[in-house]
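Notes to accompany the following structure.
Lettering of chains follows the sequences in order, A, B, ..., and the numbering in each one begins at 1.
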Protein chains: 2
Amino acid sequence: MSTLKKQYHHGDLTKSLLESAALIIKEQGVESLSMRKLADVVGVSRTAPYHHFKDKNALLCALAEQGFYEQEKILNNLIAQKQSGEKSFTQYVHLYLGYAQQHSETYDLMYGRAIWKAGEPNDALKAVSKRTFKVWIEWVEVLQDQKVLTDTNTPLRIGQTTWASLHGLARLIIDGIYLEQSDLSEMIDQMVKNLCIDSSTCA
Amino acid sequence: MSTLKKQYHHGDLTKSLLESAALIIKEQGVESLSMRKLADVVGVSRTAPYHHFKDKNALLCALAEQGFYEQEKILNNLIAQKQSGEKSFTQYVHLYLGYAQQHSETYDLMYGRAIWKAGEPNDALKAVSKRTFKVWIEWVEVLQDQKVLTDTNTPLRIGQTTWASLHGLARLIIDGIYLEQSDLSEMIDQMVKNLCIDSSTCA
DNA sequence: CTCTTATCTTGACAGTGTCAAAATTTAAAT
DNA sequence: ATTTAAATTTTGACACTGTCAAGATAAGAG
């Protein structure tokens, strides 16, 4: 309760664990994040983290959750600022792929098999991911009205496929299949053209 | 050398290891494939596999390699049978995603981070993946001539982005983000329309 | 039959996730 | 202020992982 919130035991272990874990995965990749090493970095015994996160999966879920908050913020910011639909969408594509590139490990947790297949997404994660997707779909509907995205199908379907395309590019970047920035930038431009109705105004 | 090829030690351990490993990842996922359990299944001691594969990464590379042979075969078959470009392409999309769905673990090895980022693709794997991609790009050029895919960019770029879109859908299926077959089938149809020039003839 | 080489096994080490029980520190109750 | 209850952390343990080094075994060559 004093100015330094560290009078008791560790202070806020939960927070420290998340921060250190985020740093570790960012710098060394998610496969070299171990509960024991994490505990050691934070300066606590091997099993201390287990009183703040049920297990490793729960920790990973929490990290992924933070990623969704970030992504939701990006989306809402773009939707809020009222510029032309084409510009907004093009910008979103770049922001989305930029995020995937710069926070590749978090992105992988958000959508990768570690949690969604090998592990088990917890309720909080399922909730925020669902909510973020909903924001996206609602924006797709607007973009359809603005003739930026095709309206030959429901917002849900167009949102699903459009996002799948972005996701595919993101994964190729993340998994290290395309690395040269020159290829990447041209691929992103072409992808925008693929996704927009009017490929001349987008890009 | 007799009818039962098992006179000496094991027979063909390399082959047995690959077969059993393929079975294990297919039925239980790649994360529950361990060198020790694999050795046990094949009926050999823990370290015997290490005389046939340098390490676990090498084993995974070999499994991925087989996947590429399969995929190359699919591609070549489709290219060989001369039917309309639209039909061929549509069929390819379905075959591609069908493969991803039915051999999801192998697909993950082929393009996933386990090998390409966390691990290290060996020379054989790099070679066959490159070759498969080349076959794809050459077919894209044909599809562009047939006005199935857009020719507003080079075969390489269009091939990259088109494949990225397919890959994205494949990953969503594999990582368990979309599971209901009803959604899936409609998403695939919509994706085909997105990728083709003439969305009315494709689908 | 001996020797070389290919193949496989045993032993060992460091690392992992996580459970159970004990210890400690803090906050609440009297 | 002293006792009590709760929150927090630690120690010990177990089963599992990948993989190295050294020894054992078996196959084929001479």
Result block: side-chain N/O donor-acceptor pairs under 3.5 angstrom for residues 142-152 of chain A, not counting sequence neighbours:
unit_1   : atom_1 : unit_2   : atom_2 : d
A:Gln144 : NE2    : A:Thr150 : O      : 2.8
A:Gln144 : NE2    : A:Asn153 : O      : 3.1
A:Lys147 : NZ     : A:Asp151 : OD2    : 3.2
A:Thr150 : OG1    : A:Thr152 : N      : 3.2
A:Thr150 : OG1    : A:Thr152 : OG1    : 2.9

Between the protein and nucleotides 11-16 of chain C, which nitrogen or oxygen pairs come in under 3.5 angstrom?
unit_1 : atom_1 : unit_2  : atom_2 : d
C:dT16 : OP1    : A:Ser34 : OG     : 2.9

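- Taking atom CZ on A:Phe53 and atom P on D:dT8, their separation rounds to 13 Å, with Å as the unit.
- If you take CG of B:Asn57 and P of D:dT17, they are 18 Å apart, rounded to a whole angstrom.
- For B:Trp116, the ring pair (Phe, Tyr, Trp, His ring centres under 6.0 Å) criterion is met by no residue, not counting sequence neighbours.
- Rounded to whole Å, the distance from CG on A:Leu38 to P on C:dT18 is 13 Å.
- With rounding to whole Å, A:Glu31 atom CD is found 17 Å from C:dG17 atom C1'.
- Taking A:Phe68 as the reference, A:Tyr111 meet the ring pair (Phe, Tyr, Trp, His ring centres under 6.0 Å) condition, with sequence neighbours excluded.
- At a cut-off of 3.5 angstrom, the base of D:dT9 holds at least one donor-acceptor pair with the side chain of A:His51.
- Rounded to whole Å, atom C1' of D:dT19 lies 14 Å from atom CG of B:Leu59.
- Across the protein-nucleic acid pair, A:Asp12 atom CG and D:dT9 atom C1' stand 15 Å apart, rounded to whole Å.
- Residues satisfying the side chain to side chain contact (heavy atoms under 4.5 Å, CB included) criterion with B:Lys37, sequence neighbours excluded, are B:Ser32, B:Ser34.
- Ring geometry for B:Trp163 versus B:His167: interplanar angle of 30 to 60°, hence tilted.
- Checking A:Asp55 against B:Pro49, the closest nucleotide of DNA chain C that is more toward the 5' end is the one next to B:Pro49.
- Note on A:His52: a side-chain N or O is less than 4.0 Å away from OP1 or OP2 of D:dT9.
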Exercise answer: donor-acceptor pairs, residues 75-83 of chain B side-chain atoms, under 3.5 Å, sequence neighbours excluded:
unit_1  : atom_1 : unit_2  : atom_2 : d
B:Asn76 : ND2    : B:Glu72 : O      : 3.3
B:Gln83 : NE2    : B:Gln91 : OE1    : 2.8

